[in-house]
J.: 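Sharing a structure, written as structure tokens. Questions coming.
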Amino acid sequence: MALLKYTLSRAVRGVLSIFVIVTIAFFAIRLVPGDPVDVWLGDYATPELVALTTAAWGLDKPLHVQYFVFLRQLAKGDLGTSLRANASVTYLIGEVFPYTVRLMMAGALISVILGVLIGAYAAVRHNSVGDVASMTACMVFLSIPGFVLGYLLIFLFAVTWRIFPVIGGEKTLSVAALWRHLTLPALSLGLGYAGTVARMTRSTMVEVLNSDYIRTARSKGLRQSTIVFRHAMRNTLTSLVSMIGVQVIVMLGGLVVTETVFSRPGLGRLYFTAVSARDYPLMQGSILVIAVCVVVVTFLVDLSYGIIDPRIQYT
Amino acid sequence: MKRLLKSKMAAGGGIIVILILIACVLAPWVAPYSVKDFTDDLLARPSATHLFGTDSFGRDALSLVLHSGLETLSMSLLTLVISAFLGIVCGVVSGYVGGWTDRILSMVMQGIMSFPSMMVALLVMGIFGTIGRASLIGAISVTLIPRFSMILRGATIPARDAEYVTAAQALGVSRWRLLWRHVVPNLVTPMIVVCSTYLPSIILLEASLSFLGFGAPPDAPTWGRIVSEGGKYFRIAPWLVLFPGSVIAVTVIGFNLLGEGIRDVVDPRVRGKLTARSVR
């Protein structure tokens, strides 16, 4: 019962924050007069054309009227029509969204698996050569800008050794196509964050490994792997999961660069094009989708606490 | 300071940072060529005469990187100073005044922080102009102010409620004097820690935005912009991306190491917990 109540209150809070973000974005976008009409018409702008286009896009109405029109459409699940592409925003986003989901999942998997393994290794071998070496590697990876890492991977694996194609998204969902088109972008997205995850895993793990109950487990003669993965990991999981949640949200920002470097279709690039062209409906649509992603991730992280650590009470 | 010099990490990072700073400041003298040296040697491979190769205009890429270094780093530092200042103001006001001011400020700050920094920065630049230093600095500041503000708010509240502050209040010390003399000094340590954490992130974010073509005007390129230009010729001249890219990476590594050293010395409890890259 407490769980249900907790879930519901979290869900309501999530929906509210989506609403707040979308509203702030709606007005922020319209804050500065230089509007999409100027960008679109460019040198062809004559007063008549500007007036005509402004009216056609509904931008001549007062701000609050535009806002209510937007909300009414939103309630119907309609995000409007892109000013540039002349297609519905839902269609444009739906088109690229699966690519982004696959990239995000692959990137998150890489960063979590690599990060946790390296971090646990470094914690167990605290202050050894292996520890210093792996932490140095992590420092290097988290300091390389995403686009440089992307280009480096392309240079090594696509240009020099020709293992993977240079650019593009996967056209079919076969294992081979996914492997060919997803590996490099996912690595470029995931490796940097793997460095962060590893460093955090290490620092929490070192603390836990020094605690009394681990000493007890050791004195019972348990194997090292059992101690690390059964006993120590359990107690680091709560902080790990909340950190991974944050990393996934940060990773959403990394999408823009990764998708650009690899010329992959995706939400990040769509958002970028929308912002560059001041395509209001497309901007609003992508912000909404990103906000939903952020809220869902936060929601899942919050829910997972109780599953990981039964001592936590839902309130 | 003594302990800072003893820490190997801080020393290593410090050396990297100082070397890069010296090279950038002295660019007009140490750079082998001027940025206006257009030669016929387009997209030349790295060689003894052109260590980083030449770009599509036949300019020496190393000289280009050195000459734009000061622009890149000073922009990042300026962003840090501006967002730190505004963040302190918001955080201290929020924590010290409390009540509705605090609630509304915190809500806005949390709203901004919940969104990926990159997307926030892009949106701000989309609104205020995609090209130009001011808009770039503003955009990155918007993503950072909440982070400074929340930490400063957290540090202000215990300082506000401390007994010596209550005592000072009872003695009739004015509110702003109280804030300045008794509350602010306690915030110096968290401030140093936060600044050293976020500088590398600022450099990374600035590089990413410039890489996307947002920010630095083409006549005053930053490192991100140089990589972005080089990206057009990546198939035939990969060094134009990889070399300047490595310079960015080495700089960020330097600042990260230095920051970590500073954090260990100033506040040993946070060792390894705060990592850069919370903004990227």
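Proteins come first, then strands; the chains are lettered A, B, ... in the order of their sequence lines, and each starts at number 1.
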J.: Are side-chain heavy atoms of A/V159 and B/P238 found at a separation under 4.5 Å?
T.: no
J.: Is there any salt bridge (Lys or Arg N to Asp or Glu O under 4.0 Å) pair reaching into residues 131-160 of chain A, and which pairs are they, with sequence neighbours excluded?
T.: A/D131-A/R202
J.: Please examine the side chains of A/I29 and B/L123, heavy atoms only from C-beta on, and report whether any two atoms are closer than 4.5 Å.
T.: yes
J.: Ignoring hydrogens and geometry, is there a side-chain-to-backbone donor-acceptor pair from A/Y271 to B/M119 under 3.5 Å?
T.: yes
J.: With the side chain counted from C-beta on, respond yes when A/L252 and B/F115 share a heavy-atom pair under 4.5 Å apart, and no when they do not.
T.: no
J.: Go through the atoms of B/L257 and report whether side chain, backbone, both or neither lie under 4.5 Å from a heavy atom of chain A.
T.: both
J.: Let me know if B/F255 has heavy atoms under 4.5 Å from chain A in its side chain, its backbone, both or neither.
T.: neither
J.: In terms of heavy-atom pairs under 4.5 Å, which option from B/V252, B/I203, B/I248 contacts chain A the most?
T.: B/V252
J.: Could you measure the distance from the OH atom of A/Y151 to the CZ atom of B/F211? Nearest 0.5 Å is fine.
T.: 4.0 Å
J.: Side chain, backbone, both or neither: which part of A/I21 has a non-hydrogen atom closer than 4.5 Å to chain B?
T.: side chain
J.: With sequence neighbours excluded, what pairs up with A/R269 under the salt bridge (charged side-chain N to carboxylate O under 4.0 Å, His left out) test?
T.: none
J.: Most heavy-atom pairs under 4.5 angstrom with chain A, which of B/S228, B/G111, B/G245?
T.: B/G245
J.: With chain B as the partner, which of A/T260, A/V256, A/V295 has the greatest number of non-hydrogen pairs under 4.5 Å?
T.: A/V256
J.: Against chain B, label A/I24 side chain, backbone, both or neither, depending on which of its atoms sit under 4.5 Å from a heavy atom there.
T.: neither
J.: Starting at CZ of A/F272, measure out to CZ of B/F214 and round the result to the nearest 0.5 Å.
T.: 4.5 Å
J.: Taking the side chain as every heavy atom from C-beta outward, state whether B/N256 and A/L142 have any pair of such atoms under 4.5 Å apart.
T.: yes
J.: So, for A/V257 and B/S208, which heavy atoms are closest and what is the spacing to 0.1 Å?
T.: CG2-CB, 3.9 Å
J.: Using side-chain heavy atoms (C-beta onward) and a distance below 4.5 Å, is A/R199 in contact with B/E260?
T.: yes
J.: With only heavy atoms counted, which part of A/A291 is less than 4.5 Å from chain B, the side chain, the backbone, both or neither?
T.: both
J.: Under 4.5 Å, counting heavy-atom pairs only, tell me which of B/L212, B/V227, B/V241 racks up the most with chain A.
T.: B/L212
J.: Provide the closest heavy-atom pair for B/S114 versus A/V294 in the form atom of the first, atom of the second, distance.
T.: O-CG1, 3.2 Å
J.: For A/M283, is it the side chain, the backbone, both or neither that has a heavy atom under 4.5 Å from a heavy atom of chain B?
T.: side chain
J.: Between B/L204 and A/S143, what is the shortest heavy-atom contact and its length?
T.: CD2-O, 3.6 Å
